[in-house]
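Following: one structure in C-alpha cells, then a few remarks.
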There are 2 protein chains.
Amino acid sequence: MSAQHLAIGDLARGTATQVGTIRYYERIGLLPAPGRTAGNYRAYGPGHLSRLSFIRRSRDLGFSIEQIRALLDLADQRDRPCEAVDAIARAHRDEVDRKIADLRALRGELDGMIAGCHSGSIAECRIIETLSP
Amino acid sequence: MSAQHLAIGDLARGTATQVGTIRYYERIGLLPAPGRTAGNYRAYGPGHLSRLSFIRRSRDLGFSIEQIRALLDLADQRDRPCEAVDAIARAHRDEVDRKIADLRALRGELDGMIAGCHSGSIAECRIIETLSP
DNA sequence: TGTGGAGCCTGCAGCAACTATAGGGTCAAG
DNA sequence: CTTGACCCTATAGTTGCTGCAGGCTCCACA
C-alpha cells in the first residue's frame, strides 16, 4: 500500500487496535468506511487514523460507544457551545468517583479480614454487610 | 405476599435490579433459589435481599460473576482455615487496589479535561482536544 | 515465472452479563 | 367475577468485542 493510504493492519498497529475491532467499528457506523484498492483492500487516510485514535482513547477512559458517538457528533459542530460535551464528561467522572468510594470501603473490609487472620483469630466476615444497603 | 416474604418485584425494587436479572442470577446459581408460594411465585427472605445487594454493588465495582462467586464463598465459610481465607482475601484486596489505582488515574484525566473546559465553543473545547491525537 | 507466506476479505459463531418479548397463569381490589 | 398489576417459563436479542473458516491478494525471493 502506498504512503498515502494505510492498510487496515497499519491502522491497527498505529492505534493499538485489533483488525477485527476496526471492522466492527465500521459495521456499526462509528468509523466511516474507507475507499478500497483494486484488490478490495480498505485504504485509510490520516482522517481515519485520528478519528480511530479518538475512539480508542475515549474507550480507554471508559466512555461507551454511544457516548463516543455523541462526542464525535459534537466535535463536528465547531461553533456550538461545548456544554453538552462538558455534561457527558462530568457525568462520567461522577460515576468514576462513586466507584472509587465503594472500592475503598470494600478494601477496608478485606483488610480487616486479613488483619484478623494474622492475629490468629477467625475473621468474622462482614464483606457482605459492607456493601449492603 | 406476606411481610415475611418478598415477591421478586419487591426484591427488584429493593436492590435496583431488574426482575429478569434476578431470575438470571438464580439460573446461574449465584442467588439461591427461594421457596415458592402455592401459586408458584418466588418467596424471598431478608438473606436474599442482602446477598443480592452485595452482588449488585460488586458488579457495579467491576467484579465478574466468577469473582463474586468466590467472594460469596469467602463470606459464607467463615470457619475455614485461616490461611485459605487469608489467601483469597489478599488476592481480592490486590485486585481492588489495582482497580482503585486505575480509576484514580482515569479520574485525574477526566478532571484535567473538565477543568480545562471554559464553556466556550466546541472549536476551543479542551475535552475534545484532549481526546484527539 | 511461479510459489510461499503474510496479510486481506466476508460471514458467522461465541463470549459475558444482561434485557426484552411472547404467551400464558395468579392475585387482590372493586 | 372481572380487571389489571404482577408473576411464570422459554427463547431471542443486546453490547463490545474476539475468533474462526474458507478464500483472495500482494510481494519478495528462487
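Since we're looking at a predicted model, the values are computed, not measured. Lettering follows sequence order; numbering is per chain, from 1.
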Between C:dT19 and B:Thr21, is there an OP1 or OP2 to side-chain N/O distance shorter than 4.0 Å? yes
Kindly point out which of D:dC7, C:dC18, D:dT18 is positioned nearest to the side chain of B:Val19? D:dC7
For A:Arg27 and for B:Ser64, find the nucleotide of DNA chain C with the closest heavy atom, then tell me which residue's nucleotide is more 5'. A:Arg27
To the nearest Å, give me how far apart CD1 (A:Ile8) and P (C:dT10) are. 8 Å
About how many Å separate CG of A:Leu61 and CE of B:Met113, when rounded to the nearest 0.5 Å? 6.5 Å
Just how far, in rounded Å, is P of C:dC18 from CG of B:Leu52? 10 Å
Just how far, in rounded Å, is C1' of D:dA5 from CG of B:Asp10? 13 Å
Whole-Å gap separating C1' (D:dC7) and OH (B:Tyr44): 11 Å
Does B:Arg42 make a side-chain N or O approach to OP1 or OP2 of D:dC8 shorter than 4.0 Å? yes
Calculate the interatomic distance between A:Leu61 atom CG and D:dG16 atom P; express it in whole Å. 16 Å
Just how far, in rounded Å, is P of C:dT19 from CD1 of B:Ile28? 13 Å
With sugar-phosphate meaning primed atoms plus P, OP1 and OP2, does B:Arg56 contact a base, only sugar-phosphate, or nothing at under 4.0 Å between heavy atoms? sugar-phosphate
Over all heavy atoms of both residues, which pair between B:Arg51 and B:Leu30 is shortest? Give the atoms and the distance, please. NE-O, 3.4 Å
How do A:Arg23 and A:Ala38 order along DNA chain D: which one's closest nucleotide is nearer the 5' end? A:Arg23
Can you tell me the distance, in whole Å, between the CG atom of A:Leu11 and the P atom of C:dC9? 11 Å
Quick one: does any side-chain atom of A:His48 pair with a main-chain N or O of A:Pro32 as donor and acceptor, under 3.5 Å? yes
Counting just side-chain N and O atoms, does A:Thr37 come under 4.0 Å of either OP1 or OP2 of D:dT25? no
Atom-to-atom span, CD1 of A:Ile22 to C1' of D:dT18 - whole angstrom: 14 Å
Working to the nearest 0.5 Å, report the span between CZ of A:Arg57 and CD1 of A:Ile68. 12.0 Å
Judged by each residue's nearest nucleotide on DNA chain C, which is more toward the 5′ side, B:Asn40 or B:Gln18? B:Gln18
Which nucleotide, D:dC17, D:dC8, C:dC9, lies nearest any side-chain atom of B:Arg36? D:dC8
Taking atom CZ as the centre, does A:Arg98 end up with more than 12 heavy-atom neighbours from other residues, nucleotides or ligands that are less than 6.0 angstrom away? yes
Is the base of C:dC27 touched by the side chain of B:Tyr41 through a donor-acceptor pair closer than 3.5 angstrom? no
Upstream residue (5' side of DNA chain D) when A:Gly20 and A:Gly39 are each assigned their closest nucleotide: A:Gly20
Which nucleotide in the list C:dC18, D:dC8, D:dG16 gets nearest to the side chain of B:Tyr25? C:dC18
Under 3.5 Å donor-acceptor, A:Asp94 side chain and A:Ala91 backbone: no
Under 4.0 Å between any heavy atoms, over every strand shown, what does B:Arg59 touch: base, sugar-phosphate, or nothing? Just pick one. sugar-phosphate
